[in-house]
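Have a look at the structure below before the remarks.
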Amino acid sequence: MLSLCFPTEVARVAAAAAGKAFRRLSMESQSRAEKKVYVHYNHTDSCKFARWTAKESYEFMRARPWQDVVDFYSDIVSGRLTLSDLFGTERTRTSSIHNDENEIPEVEAGSDANEDRAGSGRWARANFKIVVSYHGPSFDGWQKQPDLNTVQGLVEKCLGSFVDEKRAKLLKEKCKPLEGCALVAGRTDKGVTALQQVCSFYTWRKDVKPSEIEDAINSAAPGKIRVISVSQVSRVFHPNFSAKWRRYLYIFPLNDGEKREQSIDSEVEVENFHTSNNVGKQSNGCYENIENLLINDEGGFGSHEKPRNFTICRVNLLLQRLEGKLLSYKTFARDTKASRNIGPPTECFIYHARATEATLPCPVNDHGEGRKVMCVELVANRFLRKMVRVLVATLVREAAAGADEDALLKLVDATCRRATAPPAPPEGLCLVDVGYTNFDPQNSLIP
């Protein structure tokens, strides 16, 4: 009879080999982790010693009074304020996107085939365009996910009472909840607000009224989500594929401790926001005393700290170099698959990119002075994942380092995403609107 137990010596050798293999794997894993933490992008320009590391950029962007921005967006979503209160009536000329459906033909002219099939099959369905506003910090993003409070999950639950009998029966057979299917112009991350997000919903029922859809969504989460308009549109309308441009606004709040000094740049009066940790004055785009910013053995700096001031004028100059160009923004994207890092999928065309100073309006019962903020407006045909937030954080970093005006164009050509800064906080980002006609520069928020 054979013994089922290994001899003692064999067991000891096997245990030793297993322990050695485990220690080797642990050391390799630790080595990879150390490389991931300490590897930084090697900038080669003259401002490389003044440029923040990823950690420094993250800390600078986070150390902001974001609650003031969150409250402002909340007041807009609830209808108490508008963007006119931020920029002024004359400067706020956003397009009424919920009227753009008049530009979409119901049936293509001269197409007898479309006219014949208009009353049958999928062409008999009613397609509704829903323009909705929601407060980003109150949700876990747009896309529906299990056990999370998402905008899509809430909207589709409200649309469940308007689905047709065929779909309702199918959902029941699959033991799924009675929900509609909402398509969207662009998914927003957790914490990102939308003022005029566009989604669509179709049904084969003929008795659904736009006002009923509006009431159902408005009653779901008052103060957190509000319907701007609901209208029946062309059957070929798609909120994403039919869109020609998207507009984002990023509000960057300034700390109370930051002083304001007037400076002249290209004969234009601009605001210079800074803290007490300045390195020196700017000269020819970069900072003086850069040679004193020597890295010591511990990875720190010598006699001077990195500059922590920037001018909004410099940010604006950096932005304007991106206008009117079709570029690949792969280095400004995050959380995208490697297969999308090359080729047309990463290319975006920016129609409008500007920055300006503004003051957040005070609450109704507060008669004090509003907080000073920097507003960044970006309009493009499309945006990559977290592209706006990375772009804003990189803008602030490059402006503080005193980089050249074409700094962003050089970063576009970089081969590593570590060349750009970590994403700015989502609380400052807002999807303003989506356009379905050609973009008109006269409708920009920031001229």
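One-based numbering along the sequence shown.
- For Glu427, the salt bridge (charged side-chain N to carboxylate O under 4.0 Å, His left out) criterion is met by no residue, not counting sequence neighbours.
- Here NE2 of His135 is found 7.0 Å from CG of Asp71. Values are rounded to the nearest 0.5 Å.
- Side chains of Pro361 and Leu81 form a contact here, defined as non-hydrogen atoms less than 4.5 Å apart.
- With contacts defined as side-chain heavy-atom distances shorter than 4.5 Å, the pair Val184/Asn240 does not qualify.
- Between Arg321 and Asp406 there is no salt bridge, since no side-chain N of the basic residue sits under 4.0 Å from a carboxylate O of the acidic one.
- Leu319 contributes atom CG, which lies 7.0 Å from atom CG of Leu408 (distance to the nearest 0.5 angstrom).
- Residues passing the side-chain contact (heavy atoms from CB on, under 4.5 Å) test with Ser200, sequence neighbours excluded: Asn127, Leu183, Phe237, Pro239.
- Shown here are the salt bridge (charged side-chain N to carboxylate O under 4.0 Å, His left out) partners of Asp140, two or more places apart in sequence or in another chain: Lys190.
- Closest of all the heavy-atom pairs between Thr193 and Gly136 is OG1-N, 3.1 Å.
- Counting heavy atoms of neighbouring residues, nucleotides and ligands inside a 6.0 Å radius, atom CZ of Phe349 exceeds 12 of them.
- By the 30° and 60° cut-offs, the orientation of the rings of His238 relative to Phe241 is parallel.
- Arg125 places no side-chain N or O within donor-acceptor distance of the main-chain N or O of Tyr202, the cut-off being under 3.5 Å.
- Nearest heavy-atom pair across Met387 and Cys348 is SD-SG, 3.9 Å.
- A distance-only check finds a donor-acceptor pair linking the side chain of Asn149 to the backbone of Ser138 [under 3.5 Å].
- Under a 3.5 Å cut-off, the side chain of Thr359 and the backbone N or O of Gly370 do not form any donor-acceptor pair.
- A donor-acceptor pair under 3.5 Å is absent between the side-chain atoms of Thr356 and the main chain of Ile446, judged by distance alone.
- Applying the side-chain contact (heavy atoms from CB on, under 4.5 Å) rule to Thr203 yields the partners Phe128, Asp164, Phe201, Arg205, Val208; only residues at least two apart in sequence or on another chain are considered.
- Taking the salt bridge (charged side-chain N to carboxylate O under 4.0 Å, His left out) definition, one finds that Arg246 meets it with nothing, sequence neighbours left out.
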From CA spacing to verdict: side chain to side chain contact (heavy atoms under 4.5 Å, CB included), Cys375, Phe252: CA-CA 6 Å; Cys375 297; Phe252 181 83; over 6 Å; no

If you look only at distance, which donor and acceptor atoms sit under 3.5 Å apart when one is on a side chain in residues 170-179 and the other is two or more places apart or in another chain?
{"from": "Glu179", "atom 1": "OE1", "to": "Lys144", "atom 2": "NZ", "distance (Å)": "3.2"}

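- Applying the ring-ring contact (aromatic ring centres under 6.0 Å, His included) test to Phe162 and every residue at least two apart in sequence or in another chain returns nothing.
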Go through the steps for Val233 and Ser231 under the test side chain to side chain contact (heavy atoms under 4.5 Å, CB included), then give the verdict. CA-CA 6 Å; Val233 294; Ser231 56; 4.0 Å; yes

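- Rounded to the nearest 0.5 angstrom, Leu378 CG and Arg354 CZ are separated by 11.5 Å.
- In this structure, the side chain of Arg389 does not engage the main chain of Pro423 through any donor-acceptor pair within 3.5 Å.
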As a quick check of understanding, evaluate side chain to side chain contact (heavy atoms under 4.5 Å, CB included) for Tyr329 and Thr346, giving each step before the final call. CA-CA 6 Å; Tyr329 288 88; Thr346 63; over 6 Å; no

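- For residues 372-391, the set of pairs meeting the ring-ring contact (aromatic ring centres under 6.0 Å, His included) definition, not counting sequence neighbours, comprises Tyr248-Phe383.
- Arg167 and Cys181 make their closest contact through NH2-CB, 4.0 Å (heavy atoms, listed as atom of the first residue, atom of the second, distance).
- The CZ atom of Phe87 sits 10.0 Å away from the OG atom of Ser444 when rounded to the nearest 0.5 Å.
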Name each donor-acceptor pair under 3.5 Å that joins a side chain in residues 211-227 to protein atoms two or more places apart or in another chain, with its distance.
{"from": "Glu212", "atom 1": "OE1", "to": "Lys209", "atom 2": "N", "distance (Å)": "3.3"}
{"from": "Asn218", "atom 1": "OD1", "to": "Val227", "atom 2": "N", "distance (Å)": "2.8"}
{"from": "Asn218", "atom 1": "ND2", "to": "Glu214", "atom 2": "O", "distance (Å)": "3.3"}
{"from": "Ser219", "atom 1": "OG", "to": "Asp215", "atom 2": "O", "distance (Å)": "3.0"}
{"from": "Ser219", "atom 1": "OG", "to": "Ala216", "atom 2": "O", "distance (Å)": "3.0"}
{"from": "Arg226", "atom 1": "NE", "to": "Val77", "atom 2": "O", "distance (Å)": "2.6"}
{"from": "Arg226", "atom 1": "NH2", "to": "Ile76", "atom 2": "O", "distance (Å)": "3.2"}
{"from": "Arg226", "atom 1": "NH2", "to": "Val77", "atom 2": "O", "distance (Å)": "3.4"}

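- Centroid-to-centroid, the aromatic rings of Trp245 and Tyr351 stay 6.0 Å apart or farther.
- The CD1 atom of Ile350 lies 10.5 Å from the CG atom of Leu326; values are rounded to the nearest 0.5 Å.
- Minimum heavy-atom separation, Trp66 to Gly428: CZ3-CA, 3.7 Å.
- Summarising the local packing, CZ of Arg187 is surrounded by 12 or fewer heavy atoms from other residues, nucleotides or ligands at distances under 6.0 Å.
- Remark: the backbone N or O of Ala54 is not paired with any side-chain donor or acceptor of Ser57 at under 3.5 angstrom.
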Between Glu56 and Arg51, does a salt bridge (charged side-chain N to carboxylate O under 4.0 Å, His left out) hold up when you go through it step by step? CA-CA 9 Å; Glu56 291 167 342; Arg51 188 173 283 107; over 6 Å; no

Under the criterion side chain to side chain contact (heavy atoms under 4.5 Å, CB included), I'd like the reasoning laid out for Leu409 against Lys325: C-alpha separation, chi angles, the key distance, then a yes or no. CA-CA 10 Å; Leu409 294 177; Lys325 297 181 178 67; 4.3 Å; yes

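- A side-chain donor-acceptor contact under 3.5 Å links Arg334 and Thr420.
- Considering only residues two or more places apart in sequence or on other chains, Asp440 meets the salt bridge (charged side-chain N to carboxylate O under 4.0 Å, His left out) condition with none of them.
- The number of heavy atoms from other shown groups lying within 6.0 Å of NZ (Lys169) does not exceed 12.
- Val376 is not listed as a side-chain neighbour of Asn316, based on a closest heavy-atom distance of 4.5 Å or more.
- The minimum heavy-atom distance linking Gln197 with Ala185 is given by the pair OE1-CB, 3.7 Å.
- Partners of Lys244 by side-chain contact (heavy atoms from CB on, under 4.5 Å), not counting sequence neighbours, listed by chain and number: Asn438.
- Side chains of Tyr134 and Thr188: a donor on one and an acceptor on the other come within 3.5 Å.
- A donor-acceptor pair under 3.5 Å links the side-chain atoms of Glu323 to the main chain of Ala353, judged by distance alone.
- Remark: of the listed residues Pro210, Ser229, Cys199, Cys199 is the sole one forming a side-chain contact (heavy atoms from CB on, under 4.5 Å) with Ile130.
- Shortest non-hydrogen contact noted between Gln152 and Ala182 is NE2-O, 3.7 Å.
- Under the 3.5 Å distance criterion, the side-chain polar atoms of Trp142 are left unmatched by any main-chain donor or acceptor of Gly153.
- For Asp68, the side-chain contact (heavy atoms from CB on, under 4.5 Å) partners are Pro65, Leu360, Arg371, not counting sequence neighbours.
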